[in-house]
Structures are given as structure tokens and as C-alpha cells.
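Notes follow once the structure below has been shown.
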Amino acid sequence: MALAFCGDEGNSTAYNVDHGVLNNGCFVDALNVVPHVFLLFITFPILFIGWGSQSSKVHIHHSTWLHFPGHNLRWILTFILLFVLVCEIAEGIVSDGVSESRHLHLYMPAGMAFLAAITSVVYYHNIETSNFPKLLIALLFYWTLAFVTKTIKFVKFCDNDVGFSQLRFCLTGLLVILYGMLLAVEINVIRVRRYVFFKTPKEVKPPEDLQDLGVRFLQPFVNLLSKGTYWWMNTFIKTAHKKPIDLKTIGKLPIAMRALTNYIRLNEAFEAQKFVRKRMQRSGSIWRALCCAFGRPLLLSSTFRILADLLGFAGPLCISGIVHNVGKGNNTIRPQTKILGVFFISSQEFLSNAYVLAVLLFFALLLQRTFLQASYYVAIETGINLRGAIQTKIYNKIMQLSTSNMSMGEMTAGQICNLVAIDTNQLMWFFFLCPNLWAMPVQIIVGVLLLYYLLGISALIGAAVIIVLAPVQYFVATKLSQAQRSTLEYSNERLKKTNEMLRGIKLLKLYAWEHIFHSSVEETRQKEMTSLKAFALYTSISSKSSLIPLKVVNRKRPAREDWNNYSSHMRRPIHITEADDFCVKITNGFFTWTPEGPPALSNIDIRIPQGQLTMIVGQVGCGKSSLLLATLGEMQKISGNISWSSPERESSPDMEFRTRGSVAYASQKPWLLNATVEENITFESPFNKQRYKAVIDACSLQPDIDILPHGDQTQIGERGINLSGGQRQRISVARALYQQTNVVFLDDPFSALDIHLSDHLMQEGILKMLREDKRTIVLVTHKLQYLPHADWIIAMKDGYIQREGTLKDIQKSETELFEHWKTLMNRQDQELEKETIIERKSVLERTNLRRTMYSREALLKDDDDDEEEATESDDEDNLSSVLHQRAKMPWRACGKYLSSAGVLLLPLLVLSQLLKHTVMVAIDYCLARWTSEAIAVKTELGMRNCSICEVPAFFSILCCLGIVLCLITSIAVEWTGLKVTKKLHSSLLNKIILAPMRFFETTPLGSILNRFSADCNTIDQHIPATLECLSRSTLLCVSALAVISYVTPMFLIALVPLAIMCYFIQKYFRVASRDLQQLDDSTQLPLLSHFSETVEGLTTIRAFRYEVKFRQKLLEYTDSNNIASLFLTAANRWLEVRMEYIGACVVLIAAVTSITSCLYNKLSSGLVGLGLTYALMVSNYLNWMVRNLADMEIQLGAVKRINGLLKTEAENYEGLLSPSQIPQNWPDRGEIQIQNLSVRYDSNLKPVLKHVNAHISPGQKIGICGRTGSGKSSFSLAFFRMVDTFEGRIIIDGIDIAKLPLQTLRSRLSIILQDPILFSGTIRFNLDPEKKCTDSMLWEALEIAQLKHVVKALPGGLDAIVTEGGENFSQGQRQLFCLARAFVRKTSIFIMDEATASIDMATENILQKVVMTAFADRTVVTIAHRVHTILNSDLVIVMKRGLILEYDKPEVLLEQEDSVFASFVQADK
């Protein structure tokens, strides 16, 4: 056929110019080519020469990016222009198809215009990113020319009576409007920027974010095309494949997305709501505030979603049109209209072409998928911003919580972590799913209407089924919600028990109580499994997962308006009328922990002198710590006044009552940050090397720092897990000493220190550094020997002030009290003793500085070895190690997971999936054949009636079989998951509880707890769902491609390049996604850790007045987590957009090949419809397949980590002796023989005890003393086989303990540890978890421990509640409960390991006497913290570096002037 620009017909009117040049259609079309050629000619040199050399700079440096006025409108108009031009090209080709020759002028100008439009937007983008607007003048000329030429064409159409019935007229009119609008946009840029035609051009700088090259999240700043396709992510994803992604790679958040910005937005909305609805409950305003602050982007997301859903119906409509047209042979009606020598067609004629419908379907899919992904992105971005704002708001609320909220169990650290980790995420996902609430009804209504239009009354039957099933769905969703809620509750309870079990594991092992706590955790796990089974069942029978109701704010954070009002009233500024000689003055103070509770402190009238040392003394539980907290404003004041007279008057906007300055506070329970030793001591203060060194020396920390792997740059683990109690205490005190505050509060700083460290700290730290510097010091202590140093003494008793004044005042007025103190101090002449201490100071300094800690030193060496070996579990926990294995799928972990399911479930799982998908394809195939035959019968009535009747019956059977197989598959997957999770949790719990103590000392508690919490949760709930989705999407994808290939084998040729593209996209995505997922998780840990740290150190933070600094830290952690989440979201959208576009290409290729096969190879129209319907779903399947593959890869990490822990070797609980060979009442006498005993903590560590020999007769009282690290505690642990005895033996009552089963050995001995451990539950449970004792026995033990009166006063007595960690009792009381617990066991051997460290001297003396009388017939081994407690012992053992230095009666050793024991006693006086 001839080919010419104006056609090559013999009698063509195309070249006729008789009526003027402009009346010739071909000339007008040729004229329309001119502007496009002009633009291409002008811009190409600039694009390729001008920017070619610096294109890389443009991409890397975004500091010049600037959007010109009308930026987004320009892009939208250009996209519409491109679509109209494609339609013009298609219209030209279709209308030209009826001519005898080819008229190029019908579609060539449109093709040139298409190229020019693309060039214009590329040109504009380059000018914009380089901020060089003068070059835009070329576009101004282009739009002007294009508008003029297209207007001429439109006018000529009007002159020749071409109207709206012709499609070409409509397209030309649209193009005139579009070119006109683009011209207006260009003129507006000149008007605003004044870059041409004006003398002074307007200088504009890029946004602040873009000037900061640290901001790498560019989604808010890029153009619409890059926004919609996430093109800017390409470089990032490619880089991720070469180099692991870290926080430095992802950079900072843009200002608008930072937590502070969103918090301010939320807070403003919240305050506005509170103002409008003052008298409404908080829950009423928080939702409105959230909607007010974040509603606009959600509205945008919903608009995108509705547009996407409406465009989604284009697919079925186009497929229906294609099937209809190919059924008629795709015969386009011959157009009747011929004007200007060419044919014109109407829109109806245009849409009756199957190829046109295929192209329109392709564009509709591209647009629909883009809108859908944009909707998802906007919703998730809004959710992330909202999460950051809510977390900041929660943190600010925590900062204002009263201490009683925490100590009385009203709000626990676990609850707060749940609130931050789980509930804020749930809220984020709730906002993400919000658009579904109105998008789903639109989908259902439009879908039913379309079905009614196509199928008639049959569609209403389908709609009726949906309506009937709605209540069933609602019922299932409700049950799912209930099952999920109960699962969460049981999971929380199990984690709480597991946490307590792990924290008290040493005690459990020493008391042989592992089985009790094991059964308790297993019992809760069984309840959790029951809920999980219910959840699995309802998941199986529900077609879609339900939304879990959220009660985020109200459930976890009860409204506290009344408390806030009360607080603000209570915490008003107090005008000081007293002289400034006193730092703090409390007048007639009554303080309580709970508003309704009795006063904990009554009638408090005290004055703390300015610049002097004040000591607070008194018995355990008398309110010493409470008095400090009351002074700091941490207790609720019933009445009275607190007056501060501090030179550094500070006022805080959120806490009006604080008229005091910063107070350096060291709490009784040391609080440490998860930071380096140096950062813990300096605590956000400027680093002063000289002062830092002096503080280290005063606290005797240098020897400890020397043995840490990185010195003072060593990271302290969670709660100081890698430090001893004494080290934690001294770092806490060092922090207080380092601060340059005028006031220092020290709450029992000597409790975990031996006498030498205490003396050194007192002399060098408190007296020299603080008092000589005229600082106000308030010291709570039980060490009465330091009273002579005090300038002012406050004596407390039972919550009130017994006496205050100087030591001389008390000596004169309270003789009895003074004598009592003197007796306790074991001294006659205080002044003489004071001189003695000073004289011995230099000796103490020399002897104190070098202390060896074999176990710690060796432990650190062992850690280095561990790092080199890099076990699997450690690899997984360490992000940098994980990234080395980035390109590999964890097939081994997958095999381990599936093999745990057993030999029956696994084949069932595979077979049911294969059968289900085979049946589903068979159903669709039958439907296609049935449709084709029905169409054939319509045309040939009376033929094949029997087959049409048979098909529905067979079809019904297949449908029923499909439903049954769907249910079986779902149940098989869920049951596989349940079986695996039950087996793995049970194995893990058994392994952990039987692991040696060494394992717990070298593995961070948080790491073990994560296996039980996050990893078990992943295996419980996520892996089964991901496995089901992955297998379903993979099989659906395979079956879809198989059906398309069966219908049109030609499709297989096009499938190869698409498959290669898919492979590379998923390969790059998986690596980036895994890195980002890891980063998202790893940035959440510091955030949660910061929350828990803040909760635990609330008192310290508020005392130091560091609220602002900690809030700033929170904002940094929140932003780090949010930037990782945003990049992960963008990466997911990047993948999905690409997979959707590949899916659209699959549809286009399938449609074109199917239409061609149908027209030329007589393929049935039913099969064409089947192929296209499957092609339509390919993009979804591809997406889900890759996403689930990436998710599965990450989630299998949980299985891998748990497998790593399952390789832990258990302690050898079996013994050489059978139960029948061990006497029932062994040990009945308590004789201990230690023969050549050498002990170490592990086989590759140095020994901590070397060749120790000792003989302890039945009923003897033995005292063991020595410096820190001398091997005292190791000596006690050797009796319980908690350490590795590699040489020698211990014989108790004639039996070598190495031959005994561990359970038997440990259950027959008693020990009290230095750190008091209480479990949540009742007092009865804490004393006797085995339930072997009567009430009278328990009361007797409490009486011995001086606790009977305390417990009797509690509601419930023995059944009174003990909160988590025993927080509702003082440190000393907890220690006494531990003593009572040991007394209950009544074993013949009783070991006290520095058990009275937190107890005042008076109570300790009583206890010593009781122990001597109550246990007269028992063997008691006391490891002494205060040497005077073992003066009445029968024998004393002095240890040094794992050797017995001295071993004799105390009186004999005291007589020897050069004995070490004598020097200890002298120093302890």
C-alpha cells in the first residue's frame, strides 16, 4: 500500500489549495509539526551538551532543586497532554485504516507532538534542578506556537462543519485548551520569578531541607513523575546492593516529618480541642485532635484510593469490550464522514476496536496502580508522622508522672513499652487502613451496579449473598478480635513471668526452683496456645483478616485531669521567708505515695543547712529515701511547705513548683544509661579531664575501668548488666560527684561497697570533693561510723523525725539514742577513731587501688573469642554481621521450620495447596468454555444443549471442592504454624532454664528476652500467615502465566524479558528491604530502651532537671526510627509500582496476542477473556510474591536465632548417685570438708579459687572476708556447683557433692544473695513457692527476719501483693524478705553472701543474734561485707586472689598485729 504524508489516492483532494492554503487539511497538519520540530531542534543541544557533563552533579547535589510556580500543575497538564496525544495517534491510525492509501498527516504530527511534550518536561526538569530559569524562554515560544497552530486547525474544523460527533474535533479542542493552560503556566513563572522582561529578577533559594545534604529522603521534593514512580529511590536501592544501609546512608528526616514538628501540630490541635470541649473526657478530644492534625493527608489518600478503585473497574469493562468485539471479528463500522479528503470517526466507532481497548486498558492499569500506591504511601507516611507525635506526647506525659504511679504498680515499665512499641504502631496501621472504610463500600456498590448492567437479575443474587454473609463476617471478625486480645494478654503475662524468671535465674538455680517457674510459664503458654488455636480457626474460616479494635490511649493511659489539676495546685511556688542559711526547709510536712493512702511521712519539720554535710539515719523502712524524694517533690504532699533557698533559681514552664536548681542525685538502686562509662559519669555535662580523673579516683573506679575491654569507652549494657553491683553503685555516685551542682543527694551510696571502698569514697569523694567545695550534701546511710563527719544529723523513725541537730546536740539531749549509736559503732571515743581513720587513709589508698577480678577479666577475653567465632545467634543479633549474608536466603532456617511440623502435616500442606490451585484454574477454565458455548448456542439455536446443561453441574461440584480445599489449606498452614511454635517455645524454655549460670553472665538479658518475646511472636503469628501468602501468591502467579501461555503461546516470547526484569527488581529489592527492615527494628530498640530508662530513672532525671535534654534524645531516637520506616515504605512502594507496571505490560502483551490469535487463528472469545482476566491479576501476585519472600527472609531470622540458643549446652543435672543412695534427711549434721579445691567460671578462664583446703565442723559459724574480687562469692557458689570445679572436691556429711544430682544438692542447702530478688505475686509465694510450709512456719521466719510487724500491717497479711521486683518495699525490706525465705527452708547448712548490705546496723545486730540462736545447731557460712558481723564466728577465713590467706578463730587473728583480718576490723570501726 502506498505511503505518503498527504496520501497517494489518484483523485486525492489532499493537495488541493484552490480554497486557500489554510483550507487544506494536510497543510494545516504540516503547519502543526513546526512548533514540535522547533522545540526538538532548540532543546536537544542544551540537554545533551549543556547538562551532559554535569548530569551526575545534578543527581547527587540536590541543593539547587527549586520548584517554579505552577510546578505540579505543569506536570499534571503534561501527563494529560501525553494521554490526549496518544488518543490522537490511535484515532489517526484507526480512521486511516479504512483508506486505500496511508495518510501520515493524520498521526505523524501527533507523534511529533508526543515527542516534543516529553522533551519539554525533561528540559523543564533539568532547568528546575539547576535553578537556571532564563532557559525557560524556549518553552514560552514553544507553547505559544503550539497553541496558535492548534487553534488554527480547530477553527478550520469549525469552518468545515466538523462537530462534537467526530472524535478528532474533540481531541483538537482539548489540545487547544491544554496548550493554552501550559502557556498560562509559563507566563505565570515569568510574572513571579521575573527572570526575563524585568530589570530585577527575583532570587529564590531552595527549601531549607534541600540545602542540607544530610537530608536524603527526597519524596516531598521531587517532581510528580518521580513521586509517583519512586524514581529517586533507584540510586538508593542500587547502592544498597553494594554497601549495607546504615543510619548515615539514610540521613536525616525533612523538617516537616520530624517528631517535634508533628508533636507541635498535634499538641496545638489537642489544646484547641480541649479549649472547645473543656468539660468532655480526654478520649473525646484525642481522636478529634488526631483528625484535625493529620486529617488532610488522609483525605488526599482517600481521594487517591477512590480514584484507583474507580479506575479498577476499567479492567473488567475493557476485557468485556474486547471479548465482545473479537466475537464479532473486530469489524470497525466503516465511517460515513469524509471531510477535507480524509475520514472522520466517532468515539463509539473508535472504542469498537479491540486493539484500542487493549491500549486504553494498559493506560487505565498504569494510572490505577499509581493512584493506589500513592494512596498507600500517603496513608503510611501520615501514620508514621502521627506515631512520632504520639510517642513524643506519651514521653512528655511520662516526664510528669508521679513516682507513686510507678512504685505502686499503677503503671509499669512493661505497660509503657507496650504503649510505645505496640499501640502506637497499631494506631499507625489503623490510620493506614482508614481509607478502606469508605473505599470498600464504593467498590461494592459500583461492582454490583456493573454486574447488574452486564448480567441482569443474576447480579442481585450475588449481592444478596454478600449481604447475608456480612453478619457472619462481622461475627468472625469479632471472634478474631477477642482471640487476638486474649492472646496478647496471655503473651504479656508469659513475658512478665519469663522476665522475672530470667532476672532471678541465679536464685532459682541456687534454690532448685527452676521447675516451679518453668511450669508457671508453661501453664501461661498453654492458655496462650488455646487463644492462638482459636485465632487460627477464625482466620481459616474468614475470607479477609479483620481489623482489631484499638483502645490505644484510653486503655493504656487513663485520663489524669484531676491529678494534673491537683499537681498544679500543689506544686505552686513558695515564697521563702527564712534566711538563706538553709538550703531546704520543710515545715509541717505530711507526704503520701497515693492520694487515698495513709501518710508515709508525718509531721516533717527539717532544715538542711547550706554548704554542709547532712546525714539521714534510721532503721530499714523508716522513710529515709522517702524523705529525699519528698524534698525533690516526688511524693504527693498532703500539707506543709517545702522551701528551697538555692542561689541558682530556675523555673521550668511545665513544673512551676520547682524553685530549686539542679540536684545531683544518686539513688539507692543505681540507675545507669545504656551508654559508655564516661557518658554515664559526665551525664550530658561538659567533659573536664581533671575533674573526671579526680572523680574516678574518689570512687576507686580506675582498676575496674582498666579491665573493661574498651576502658571507660565500654558500653554499659541494659541496666548495667555487664557490671557488678558495687561497680554500678560507684558509677552512679561518680555521676553525682562529677556534676557542678550546689546540692548533692546521696541515697545509701555505701550499700554495695566493702569497707575499704566506702572509706575511700567518704574521704576522697564526699569530704574532700564536695564538703571542701562548700556544696550542700544530704547523705542517707546505715554506716553510723561516719556520723562524726556530719555537720547536721536527721534521725528518723517510722516515718517521722525522731531528732535533728549536730552530733553534740543529740549527745546532750538524746543520751539514750546517742548511746545506742555508740554501741552500734563499737567505739568509745569518736574523736580518737576519726584520727585513726585519717592516719590509715594512706595505707587504705595503697591497698585499695589494685583489685583483681579474674572472672570479669577472663569473661572479657572470652567475649573476644566469641566475637571471633561469631556464632549464628550472635550474627543475627549483630546488624553488621547479618549484612554479610545479605544476598542469600536462609534456606536452612526454612528447612528447620518446616521439619518441625512433622511428617504428616508437611505433605498435607503441599498437596492441599497444589490441589486447591489446580481446582481453581479448572473452575475458571470451565467457566470460559461454558461462556464460549453459550455464545455459540445463541447464534446456533438448538445445538449442543446437552453439554450446556452438563457444564453447570460439573462446575458446581468443582466450586464446592474448591471451597473445601481452601478451608483445608488454610487450616493446614495454621496448624503447621501452631505445631512448630509450640515445639520451638517448649525446647527454648527447657534449654534456657537448664543452661549454666555462665550463659546468663555472658548473654545480655535483653537478648534472651527478645527470643521469648519478639521472635516467638514472629513464629506464633507472622510466619504462618507469610508462608500461606507466599505459597498462594507463587502458585497463583505460576497458574496465571500458565493459563495465558496456554491461551496464546506467543506470549512466552515476551515473558522472557519481563521475567529477567522481575528477577533483577526482586533481587535488588530484597537486599534493600532486608537492610531497611533490620534498621527499622534496630532503631526501635534504642527508642524503647530510652523509654524504659526514663521510667526507671525518672527521679534522677527530674532531680538533675534534665527533662529537656532527655526529650531532645527522644526526638533523635524517634526521628531515626521514623526515617528508617519511611525509607522502608518508599522501598515497598518502589517495588510495587514496578511490579504493577510489569503486570500492566503483561496485560497489554496478552491482550494484543490474544486479539491477534482470535482474529487470525479462530481462538474462542471465552478463552481470550480467561487469559486477560488472569493477566489482570499477575501484577498483584508478583507483588505479593516478592514482598512475602522478603518478609519470610526476615522472619526466618527468628527461627535462626532461636536455633542458635537451642545449641546451648545444659548443666549436667544427673548425678552418679541414685535417689535411694542419698539419705532422706541429708545433710543432717552440716559437716563440710574442702579438699584441694580449685574453681573457675569456665574451662577457658583463669581459676578464681586455687587449692583451697578447709574443714568446717557441724554447727560451726564461719565468717569469710576479703577485698572485692578475692573469691568470696565464688567460694559460696562452689557449694552449689554453680562454677566449674576442675580440681579437688567438697564433701558434705560424707558425700562428695559432685556425685549428687544438682536438683537434690541445691534443694538441701540455703543461701541468701547480696542482691535482693522478689517476684511479683504474694508474700506467701515469695517465701514458699513450693507450698510446703504452714502459715505458722512462715510467720516464724518473718519474725526472725524482723518483718512480722510490717507484714501484719499490710492488707491480706501473707497474701499481700508484691509488685514487680518488690518495688513496693524498700531495699532493706527486700533484703529481709530474702533472709526470711532462707529461714523457711530450715536446712542444716546456711550461707549468707553479703546478705545484710542494705540493712541498718541496729537491724543487722538483731539479725546476727537471731541467726546465732535460731541456727545454733546449723552450719552457717557468712560472707562478710561489714567485718564486725563475723567477729562472733567460730572461724574466720580471709581470702585474697582465690587463696586462703588466714584461717583461724577471730580472737586469735585479732591478737596478731600484722594479720589482715585485724586491719579489716580496725578499718571497719
Side-chain angles (χ1 to χ4, degrees), residues 498 500-518 521 717 721-722 724 853-866 869 871-874 877 986-1009 1011-1012 1201-1216 1237-1249 1271 1273-1290 1296-1309 1311 1313 1315 1317 1391 1393 1442:
T498 308
E500 284 200 322
M501 180 187 82
L502 293 173
R503 288 196 186 284
I505 192 74
K506 188 172 183 180
L507 182 82
L508 299 188
K509 286 186 170 295
L510 288 167
Y511 276 63
W513 285 348
E514 301 102 311
H515 61 287
I516 298 168
F517 279 77
H518 179 272
V521 173
I721 191 109
N722 50 352
S724 70
M853 290 174 68
Y854 297 105
S855 58
R856 293 288 308 140
E857 188 176 61
L859 179 136
L860 296 164
K861 285 185 181 176
D862 185 50
D863 282 350
D864 293 339
D865 296 340
D866 285 350
E869 288 167 21
T871 59
E872 276 191 352
S873 63
D874 289 332
D877 279 331
S986 181
S987 306
L988 180 64
L989 186 61
N990 286 331
K991 274 286 181 188
I992 293 298
I993 205 145
L994 299 179
M997 200 60 219
R998 168 76 185 153
F999 168 77
F1000 298 99
E1001 287 165 355
T1002 55
T1003 312
L1005 176 67
S1007 175
I1008 304 170
L1009 203 56
R1011 302 299 81 83
F1012 282 100
R1201 286 190 289 272
I1202 286 177
N1203 276 339
L1205 277 194
L1206 288 177
K1207 292 173 184 171
T1208 307
E1209 282 187 27
E1211 279 186 291
N1212 181 16
Y1213 274 72
E1214 301 299 320
L1216 298 175
L1237 184 71
S1238 293
V1239 159
R1240 60 192 172 193
Y1241 278 89
D1242 204 1
S1243 55
N1244 54 350
L1245 301 182
K1246 291 179 184 176
V1248 286
L1249 291 181
S1273 293
S1274 308
F1275 192 85
S1276 65
L1277 294 176
F1279 291 121
F1280 295 84
R1281 284 174 40 202
M1282 294 282 278
V1283 283
D1284 176 26
T1285 304
F1286 66 94
E1287 195 177 338
R1289 58 183 184 163
I1290 299 174
D1296 184 350
I1297 63 166
K1299 295 178 181 177
L1300 290 166
L1302 268 183
Q1303 184 79 14
T1304 308
L1305 170 66
R1306 291 172 182 173
S1307 63
R1308 307 284 179 91
L1309 306 177
I1311 187 169
L1313 294 172
D1315 293 325
I1317 296 165
I1391 297 160
D1393 185 0

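This structure is a prediction, so every number in the text was calculated from the model and none was measured.
Side-chain atoms of Arg1289 do not come within 3.5 Å of backbone N or O of Leu1237 as any donor-acceptor pair. Side-chain atoms of Glu1287 never come within 3.5 Å of backbone atoms of Val1239 as a donor-acceptor pair (strictly under, hydrogens ignored). Formation of a donor-acceptor pair under 3.5 Å by the Thr1304 side chain with backbone atoms of Leu1300 is not found in this model.
Each of Leu988, Leu1205, Ile1202 was evaluated against Phe1012; a single residue qualifies, Leu988, per the side chain to side chain contact (heavy atoms under 4.5 Å, CB included) test.
Taking CH2 from Trp513 and CD1 from Ile993, the interatomic distance works out to 13.0 Å, rounded to the nearest 0.5 Å. Note that CD1 of Ile505 and CZ of Phe999 are 10.0 Å apart. Values are rounded to the nearest 0.5 Å. Here the straight-line distance linking atom CD of Glu514 with atom CE of Met501 works out to 10.0 Å at 0.5 Å rounding. Here the straight-line distance linking atom CD of Glu500 with atom CG of Leu507 works out to 11.5 Å at 0.5 Å rounding. Here the CD1-CZ distance, from Ile1297 to Arg1308, works out to 14.0 Å after rounding to the nearest 0.5 Å. Note that the CD1 atom of Ile1311 and the OG atom of Ser1276 stand 4.5 Å from one another [nearest 0.5 Å].
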Open item on the list: Show, in sequence, the C-alpha distance, side-chain angles and deciding distance for Ile992 and Ile1008, and conclude whether the side-chain contact (heavy atoms from CB on, under 4.5 Å) test is met.
Closed with: CA-CA 9 Å; Ile992 293 298; Ile1008 304 170; 4.2 Å; yes

query = Could you walk me through whether Phe1286 and Arg1240 pass the side-chain contact (heavy atoms from CB on, under 4.5 Å) check?
reply = CA-CA 7 Å; Phe1286 66 94; Arg1240 60 192 172 193; 3.5 Å; yes

Go through the steps for Arg1011 and Thr498 under the test side-chain contact (heavy atoms from CB on, under 4.5 Å), then give the verdict.
CA-CA 11 Å; Arg1011 302 299 81 83; Thr498 308; over 6 Å; no

Just do the side-chain contact (heavy atoms from CB on, under 4.5 Å) check on Leu510 and Leu1277 with the steps written out, would you? CA-CA 8 Å; Leu510 288 167; Leu1277 294 176; 4.2 Å; yes

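Residues Val1283 and Ser1274 approach most closely at CG2-O, 4.2 Å, considering heavy atoms. When all heavy atoms of Ser1307 and Ala512 are compared, the pair lying nearest together is N-CB, 3.8 Å. Here the closest non-hydrogen pair linking Phe1279 and Ile1391 is CD1-CD1, 3.5 Å.
With Tyr511 as the aromatic partner, Arg1306 does not meet the cation-pi criteria of under 6.0 angstrom to the ring centre and within 45 degrees of the ring axis.
Residues Lys509 and Glu1211 are paired through a salt bridge, judged by an N-O separation under 4.0 Å between the basic side chain and the carboxylate.
Looking at heavy atoms from C-beta onward, Ile1290 lies out of side-chain contact with Asp1296 at the 4.5 angstrom threshold. Side-chain contact between Lys991 and Lys1207 is absent, with no heavy atoms from C-beta onward closer than 4.5 Å.
Heavy-atom contacts from other residues, nucleotides or ligands closer than 6.0 Å to CD of Glu1209 number 12 or fewer.
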